[in-house]
Protein chains: 2
Amino acid sequence: MTSIEDVAKSLGVSTATVSRALRGLPGVSPSTRSRVEQEAQHLGYVPSSAAAGLASGRTMALGVLLPQIERWYFSAVLEGVDRRLRAAGYDLVLFSLGGSGVNRGRVFHRSILRKRIDGLLVLCLELTDSERSSLLELESPTMVVGGAVEGVRHVGIDDGAAARDAVEHLIGLGHTRIGHLRGGGSFGIDFQVPRIRETAYRRTMADHGLVIHPEWEVFGDFRFKEGLAGALQMLADPGNRPTAVFCSSDEMAFGVLRAAVELGIDVPGELSVIGIDDHEFSDPMGLTTIRQSPVEQGDFAAGILLDELRGQPAADVIPVQPHQLIVRGSTGPVPR
Amino acid sequence: MTSIEDVAKSLGVSTATVSRALRGLPGVSPSTRSRVEQEAQHLGYVPSSAAAGLASGRTMALGVLLPQIERWYFSAVLEGVDRRLRAAGYDLVLFSLGGSGVNRGRVFHRSILRKRIDGLLVLCLELTDSERSSLLELESPTMVVGGAVEGVRHVGIDDGAAARDAVEHLIGLGHTRIGHLRGGGSFGIDFQVPRIRETAYRRTMADHGLVIHPEWEVFGDFRFKEGLAGALQMLADPGNRPTAVFCSSDEMAFGVLRAAVELGIDVPGELSVIGIDDHEFSDPMGLTTIRQSPVEQGDFAAGILLDELRGQPAADVIPVQPHQLIVRGSTGPVPR
DNA sequence: GTGAAAGCGCTAACAG
DNA sequence: CTGTTAGCGCTTTCAC
């Protein structure tokens, strides 16, 4: 492997000059710089991140810790983080819990603390107390995306307002019999978010003087399959079913749409459905939803961390991310 | 930060002994080893991967290069790779092209070659010649998952056989008017796979003496939205439409199912639909499909790379990954 | 079974 | 503007 010394020797300059020239630091004459760049290119020199990291204390990499990759929200945030990091010349080290708790302790202890990263983004994780304190003890800057963790800065939408907007959209259409498909916290995934949304649903209903039927509130684990099962249950009785369903995620809403097809219920004629997310499939499915943009959230959160690593004062207050009602064909006036 | 020297001093042993003890190397007395382990734990010592990497030449990290994260197949493979790596104590460095070609050159040149990783997994990428040669020049072991790249070892299913099995399932049900929704190679994503599947479709049709209607072969880019658009077009004419559609991916098949709902076509009464993948949504959607398991593929590919890094002879022939017909409700006998 | 010492390839003062 | 000189914190011979 060709090293910085090869480049230096071949040019008759010092390694310090090569280092400075290649990193764009000041104090190098333009002509030297271009000679260095050319020679480095010519020799196929690529700096060793290990050596650079050891010497400088900066690894030029950020870590992302998430409960699972294969899930729309998480992979979208990851995409946004990666985009931002890539543009800044940073690498992204991934830590997934893989949908289970296996090796969870090792992830926290071994990998993350292994000084491989300059900062850490944590996505929607439900942390144990000891994990939370490991996190707080981390000397590197940290940020949470998607589900607040006490004591750590947080990027995300206003879940309460998002849920309220969804329910009020239904109420605005005249619905009074409104069910709710709840998200969940399986496998260590954060359960603040579904809880906040559920609370907002209840409060909004109450604020409008509407009654909640306990059998219309069903658990769907944020997912299609569980959402479908929940919806089949909620909509089983034609004589006593809601005219609208608010789902804490679009995937569950797809489950409701599917259930409607299976049960022969017309959407939106007999049933209105609204979700939260604006999942990739929501547009082609014609699903009304509250849009959030996880890609932007990831990009934004990574940007803050990068700014701090570049010496900017730590952002204390992080603006709430936007959400927006997107009306499509799955919601309509209450049937009479 | 506490270093290996802190541990050594506090115990009155050499750093070499600490290093050996903690890495489980032979030549350390059991009692010394346990004292070291205890003290390391006590002091909260975590080795620096940069220092270890610099000294040993091994980074204990593998890279994954993919066109995009936010897509079922890719995120599932990633999950599998991560699972395997995590279990082996390796870290995973992620390189996504983010669905576009931006910064593509930099990814190849800068990050990947930056000696941050001991090996590289490449997913379904359509590489330029120069990228391919960069890859072949990489001194570290490399493996391709999901779409073959000439000259690089490859993990994946037999796409031709998978497509044939799908089409023959339809033929077995009596269908003769069979359309095809083609995948695509947008944004540098591999286009071998969709091409192989399409070729197998044509050949299977021909082998059974069946005619292909050009207007029944439509591009769907592997996706729901495009699949829906393609299906609406393919199924537009009630007097002249296929009775079955073979889709190169489940997501496109969802598009066909959606189109059927929109057009009032009964599935499987009037139209049979089959995909490839066994996407997470396929079971709840009742979609007949050819199952492949990207999680297993990622796990398997990572395992081979890890074995080689541990000194096992390079695997030259890599077994083809299995696929399997999963019959659900979206296919049925041809209507008469 | 253990220690001493020489790097790994870079960066970061400090001189000049 | 450029060079010299110490390390960064480990691993790895080679002795003992």
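Remember, predicted model here, so these are calculated numbers, not experimental data. A note on names: the letters A, B, ... follow the listed sequences, proteins ahead of strands, and every chain is numbered from 1.
- Atom CG in L54(A) sits about 12 Å away from atom P in dG9(C), given to the nearest Å.
- Side chains of D118(A) and T59(A): a donor-acceptor N/O pair is present below 3.5 angstrom, by distance only.
- The side chain of T17(B) places an N or O atom within less than 4.0 Å of a non-bridging phosphate oxygen (OP1 or OP2) of dG3(C).
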Between the protein and nucleotides 11-15 of chain C, are there any N/O to N/O pairs under 3.5 Å, and if so, what are the atom names and distances?
residue : atom : partner : partner atom : Å
dT11(C) : OP2  : S19(A)  : OG           : 2.4
dA12(C) : OP1  : R58(A)  : NH2          : 2.8
dA12(C) : OP2  : R23(A)  : NH1          : 3.2

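- Between S29(B) and T2(A), the residue whose closest nucleotide on DNA chain C is further toward the 5' end is S29(B).
- In this model, no donor atom of one side chain and acceptor atom of the other lie less than 3.5 Å apart for E296(A) and Q321(A).
- Nucleic acid contact class of T32(A) (heavy atoms, under 4.0 Å, all strands): sugar-phosphate only.
- Here the P atom of nucleotide dG9(C) and the CG atom of D6(A) are 9 Å apart, to the nearest Å.
- Residues E39(B) and R35(B) are not paired through a salt bridge, judged by the lack of any N-O separation under 4.0 Å between the basic side chain and the carboxylate.
- Without hydrogens or angle criteria, R20(A) side chain to P26(A) main chain gives no donor-acceptor distance under 3.5 Å.
- Of the side-chain N and O atoms in S48(A), none sit less than 4.0 angstrom from OP1 or OP2 of dG9(C).
- Rounding to the nearest 0.5 angstrom, the gap separating the CG atom in L62(B) from the CZ atom in R84(B) is 11.5 Å.
- We find that NZ of K115(A) is positioned 8 Å from P of dG9(D), with the value rounded to whole Å.
- Per the geometry, CE belonging to M1(B) stands 15 Å off C1' belonging to dC10(D), to the nearest Å.
- Taking atom CD on E5(A) and atom P on dG7(C), their separation rounds to 12 Å, with Å as the unit.
- Note that OG1 of T17(A) is 11.0 Å distant from CG of L25(A), once rounded to the nearest 0.5 Å.
- For the pair K9(A) NZ and dG3(D) C1', the interatomic distance rounds to 15 Å; values are reported in whole Å.
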